[in-house]
J.: 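Okay, here's the structure, questions in a sec.
In what follows, residues are counted from 1 in the order of the sequence shown.
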Amino acid sequence: MRATLENLHQNIDQCLKGCYTVTLTLALTINDKGTPENFEAIASQLVASNNCISAVQLVPNGVIKYIYPLQGNESALNLNLFNTPSVKNEALKSIANRKMYFAGPLVLKQGGTGIVGRLPVYKKNKFWGFSAVVIKFRDLLKVSGINSIDTNKYYFQFSKINPNTQKEEFFFPLKEEIYKNRKISATIPDGNWKLSLIVKKQDHHYSVLFLPSILGFIIALLIGSFVTILLNRPKQLQQLVDIQSTKLLNSEMIFKTIFDQAPVGIALLDSDTGNCLEINKQFSKLMGFSEQEINSKNCQPTAHLDELINNELKINELKAGTISEYSEKKSYKNKDGAVVWINLRVVSLSKPNKKSNTNIVIVEDITLQRQILENLKKSKKQFKNLFKNSPIPMWEVDMSLVKNYLEDLNLIGEKVTIVENYFNENPDVILKCFTLVKVIAVNYKCLELLKIKTKQELIENLEQVLDEETINDFVKQLIAVTQSNNQLAYDTKIMNSDGESIDIHFKWNAIRGYEKTLERMIISTGDITFRKINEKLILNSRQKTESLINTIDGIVWECDIKTFKFTFVSKKVEQILGFTPEEWLSNPNFWKEHIYHEDREWALEYCSAKTSELLNHDFEYRMICKNGAIIWLRDMVNIVYENGKAISLHGIMIDITKSKNIEDDLNNSFNLVSRQNERLLNFSYIISHNLRSHTSNIASIVSLLQASETQQEKEQMMQLLVSVSGLLNETMLHLNEVINIRTNVRLITEPLNLKNYVDNVTKVFSKQIISKEVMINNLIPNDLLINYNPAYMESILYNMISNAIRYSHPDRKAIIDLKWIARSNKNILQISDNGIGIDLIKNGNKIFGMYKTFSNYPDSKGVGLFITKNQIEAMGGSITIESEPNEGTTFKIEIL
């Protein structure tokens with residue numbers, strides 16, 4: 001049983017070692033940029049040379065990106081091991097141990113059950129990913145010889161502890177009755193597998209035949225064993241030879257693949273003759289020889305190899321077998337004479353303490369690394385010189401102890417408010433942290449700023465900078481440490497050795513590579529005292545300017561000349577418009593949106609036109625206040641130039657609403673006076689004309705009366721005088737009525753039902769309406785109420801309807817229409833008739849004149865329309881006429 005189990009163990013172990021060689025070879029295909037080279041070609045050779053491997057993989061950053069063969073394994077492509085719970089733990093285990101680990105048996109993504117061996121790959125000491133092989137479970141059983149176990153005699157079990165459940169899993173059917181019998185086990189640590197071999201137990205016993213059976217069994221066993229050994233010996237020997245031949249072939253192919261595809265130069269040397277037995281491609285490339293030169297009879301690289309491994313002492317020790325290898329870094333000249341820096345390693349192929357006749361020379365090109373190292377040294381030297389001679393005062397400090405102390409207090413990663421409260425409650429912690437700051441270096445400018453001679457003197461007197469403001473600033477640094485902020489900047493003050501306060505700009509940065517530990521921090525403390533003085537002067541000047549601007553009785557503003565976006569608005573805007581400067585500046589279109597809609601278009605066009613012509617301008621427009629009120633502004637705009645180029649607009653907006661209102665009142669008063677003067681002038685014309693005719697008649701009659709000789713003539717003259725006196729009295733009554741209309745400034749108004757008033761007036765003319773068959777259409781709404789003087793409304797309707805009846809057309813029945821037309825800004829009472837009409841071309845300018853008649857009717861006096869017009873205007877309205885001779889007339893009366 002032990003021999004069988006040991007054979008199985010060795011076969012599995014040999015298979016796994018072959019897998020290790022395959023993964024190592026795959027890892028060597030990854031170049032310095034982290035990209036595999038010739039993956040398909042090398043992977044195909046590796047899979048073909050190892051009969052237990054079904055596929056190989058490269059898994060950068062835990063994601064399967066390269067698979068050979070891809071066919072049949074497509075579903076495993078792009079699988080993220082770290083996001084797959086079933087394989088995550090075993091993948092992490094191989095990283096933690098930095099060695100190859102075989103996960104499984106498990107159900108593969110591409111189907112079937114298998115084992116995945118993963119070798120963690122590191123490039124420049126940084127985890128790159130995995131080099132992996134996939135072994136089908138059935139292939140492992142076949143290669144290991146498990147399938148050839150005598151199942152009649154033994155029972156084999158394959159098990160492991162599940163990394164997720166921590167319970168033992170069995171991969172063959174579990175038979176409890178067998179496990180009660182004797183078993184032996186072996187473990188394979190690379191996969192945490194357990195191999196068990198158990199003796200099967202027979203259930204039937206015959207006690208009667210016990211002793212004879214034992215004796216017969218022993219005899220049969222001896223004979224059977226002897227015969228079996230004789231018969232199976234050649235077969236076993238042949239199997240052993242086949243296995244060893246296969247292993248040797250596989251090993252040779254693997255070595256050949258590694259040798260040819262290795263990213264380092266490898267050469268096999270005969271230590272006795274110094275001749276090269278074989279050189280790989282990379283070695284040929286480093287030496288500068290072609291394959292033809294290498295394969296020629298006189299091996300030309302030999303001389304260069306002698307130069308390369310010219311350490312005679314080490315070579316002799318290798319020959320003697322006292323050492324198995326040695327390594328060193330050195331430079332040499334290749335065939336072209338170029339200097340190449342290499343990492344040389346010479347390894348003997350002999351066993352320890354035995355003489356070697358073959359050595360392996362491994363050469364790694366480190367020219368670039370050497371150059372980087374040299375550049376790094378130069379960079380460090382330059383940094384040191386820059387640090388010491390920097391014109392800015394600089395410190396280099398170590399704050400790692402501070403961070404460790406804060407970690408012990410569990411403050412790292414806490415919220416800022418919690419950290420601040422902790423420091424407020426524990427000021428001793430702040431002082432403790434200050435003592436843990438280690439000053440590594442300070443430059444000359446820093447010592448000069450603090451008026452201290454040496455770094456040591458500064459360290460000994462570091463407490464001199466401590467005051468309340470410094471402590472508060474240091475708390476900012478501690479908070480930055482707890483929040484993992486590697487940069488910090490603020491303005492503060494510091495004291496020099498003379499006790500003088502200096503304004504500085506404090507800037508705090510972690511040097512690259514030390515962001516986590518904070519072992520090296522660079523602090524710059526630039527002297528900004530002069531800048532602070534200037535800033536204070538500028539601030540005072542700005543405050544004075546703003547104070548002066550805010551005293552100006554107007555809105556001072558500034559805007560961009562192209563976009564009209566305002567960049568400054570004085571606080572006076574709150575008093576004038578009710579908006580704050582912030583509300584104005586927050587909206588780029590504030591000015592445009594708050595110009596009164598009637599002024600917006602022309603104001604914007606005017607301002608744009610003047611600005612495009614680069615002309616200062618002054619204009620007036622209305623704006624809407626925050627409370628909805630509308631005010632007038634006078635905007636005086638100036639163009640600002642810088643280096644001969646117009647860059648912005650400055651201006652001041654002055655509230656001229658009061659002056660505008662006064663101007664409007666003056667205009668209204670002027671218009672009123674003008675109208676009154678015009679009326680007075682017309683009235684004077686009427687008086688002078690009408691009274692002069694009457695007085696001249698009276699004077700003529702009086703002179704005739706005086707010249708009369710008979711009583712009859714005198715009586716006739718007296719009758720004429722009475723008649724003329726009556727006409728004069730009637731004229732005086734008409735003139736008095738007109739004067740009353742024009743001087744009555746306090747007319748009483750009340751709500752009137754207009755339809756009822758029309759109906760009442762028509763009743764007055766009922767006799768004329770019946771006799772002339774007049775049709776009156778009163779289309780005014782029943783519920784219409786207007787505020788008007790009752791007497792004026794009755795007089796207006798009386799005159800309009802009276803004229804329409806009086807001047808009806810003799811050839812057709814009279815029709816009078818009364819309509820109410822309501823509009824958005826005015827209301828119209830329209831009175832239309834189909835009478836004789838008026839020739840407006842001849843009489844349009846005297847329609848509403850006093851004593852103006854346009855017909856031959858004997859009762860026409862020309863007073864009605866004149867009085868009507870004066871009454872309408874006295875109520876603030878107006879009257880217009882539309883008429884055609886023989887067509888009719890329409891009057892439109894505007895009622896406010």
Side-chain angles (χ1 to χ4, degrees), residues 21 24-25 27-33 37 98-99 121-126 128 255-256 258-290 293-294 299-381:
T21 305
L24 181 61
T25 305
L28 292 175
T29 65
I30 303 168
N31 60 25
D32 292 338
K33 296 181 180 179
E37 296 179 349
R98 289 208 171 201
K99 60 183 291 188
V121 180
Y122 292 83
K123 303 297 290 184
K124 299 180 181 178
N125 288 328
K126 183 179 179 182
W128 177 88
F255 174 78
K256 182 64 176 176
I258 294 173
F259 186 84
D260 290 337
Q261 303 299 329
V264 295
I266 304 175
L268 293 178
L269 298 183
D270 188 326
S271 58
D272 294 331
T273 62
N275 293 330
C276 57
L277 304 176
E278 192 172 358
I279 298 176
N280 71 350
K281 294 179 181 179
Q282 187 65 20
F283 198 94
S284 171
K285 183 179 178 181
L286 288 172
M287 287 293 184
F289 291 96
S290 64
E293 291 173 318
I294 294 172
C299 191
Q300 296 182 29
T302 302
H304 284 78
L305 283 174
D306 292 339
E307 177 190 349
L308 202 63
I309 53 173
N310 59 2
N311 194 326
E312 186 177 351
L313 178 61
K314 296 294 184 180
I315 294 297
N316 292 333
E317 290 180 353
L318 281 175
K319 289 181 179 180
T322 54
I323 61 173
S324 60
E325 63 178 274
Y326 78 90
S327 61
E328 60 181 334
K329 291 180 174 62
K330 61 186 302 182
S331 64
Y332 79 101
K333 291 184 179 180
N334 63 13
K335 178 185 175 184
D336 298 329
V339 177
V340 180
W341 278 92
I342 60 166
N343 186 10
L344 174 69
R345 187 179 181 188
V346 182
V347 181
S348 173
L349 292 182
S350 65
K351 294 183 179 180
N353 299 320
K354 290 187 177 181
K355 187 177 180 180
S356 170
N357 58 358
T358 305
N359 295 330
I360 296 179
V361 178
I362 301 173
V363 180
E364 181 183 5
D365 187 355
I366 60 170
T367 306
L368 181 61
Q369 298 177 15
R370 186 81 178 187
Q371 185 179 353
I372 293 172
L373 186 62
E374 291 296 328
N375 292 337
L376 183 61
K377 289 179 179 178
K378 291 180 182 178
S379 177
K380 286 182 177 179
K381 187 176 181 180

J.: Quick one: pull up CD1 in Ile266 and CZ in Arg345 and give me the separation to the nearest 0.5 Å.
T.: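 Ile266 atom CD1 to Arg345 atom CZ measures 11.0 Å (nearest 0.5 Å).
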J.: Which value, rounded to the nearest 0.5 Å, describes the distance between Asn343 atom CG and Thr367 atom OG1?
T.: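 It comes to 11.0 Å.
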J.: NZ of Lys123: more than 12 outside heavy atoms within 6.0 angstrom?
T.: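 Buried by this count: over 12 neighbours within 6.0 Å.
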J.: Once rounded to the nearest 0.5 Å, what's the spacing between atom CD1 of Ile342 and atom CD1 of Ile366?
T.: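 Answer rounded to 0.5 Å: 7.5 Å.
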J.: What are the two closest non-hydrogen atoms of Ala27 and Val121, and how far apart are they?
T.: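 Reported closest heavy-atom pair: CB-CG2, 3.9 Å.
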J.: Measure the spacing between CD of Glu364 and CG of Leu344 and express it to the nearest 0.5 Å.
T.: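 If I round to the nearest 0.5 Å, the distance is 11.0 Å.
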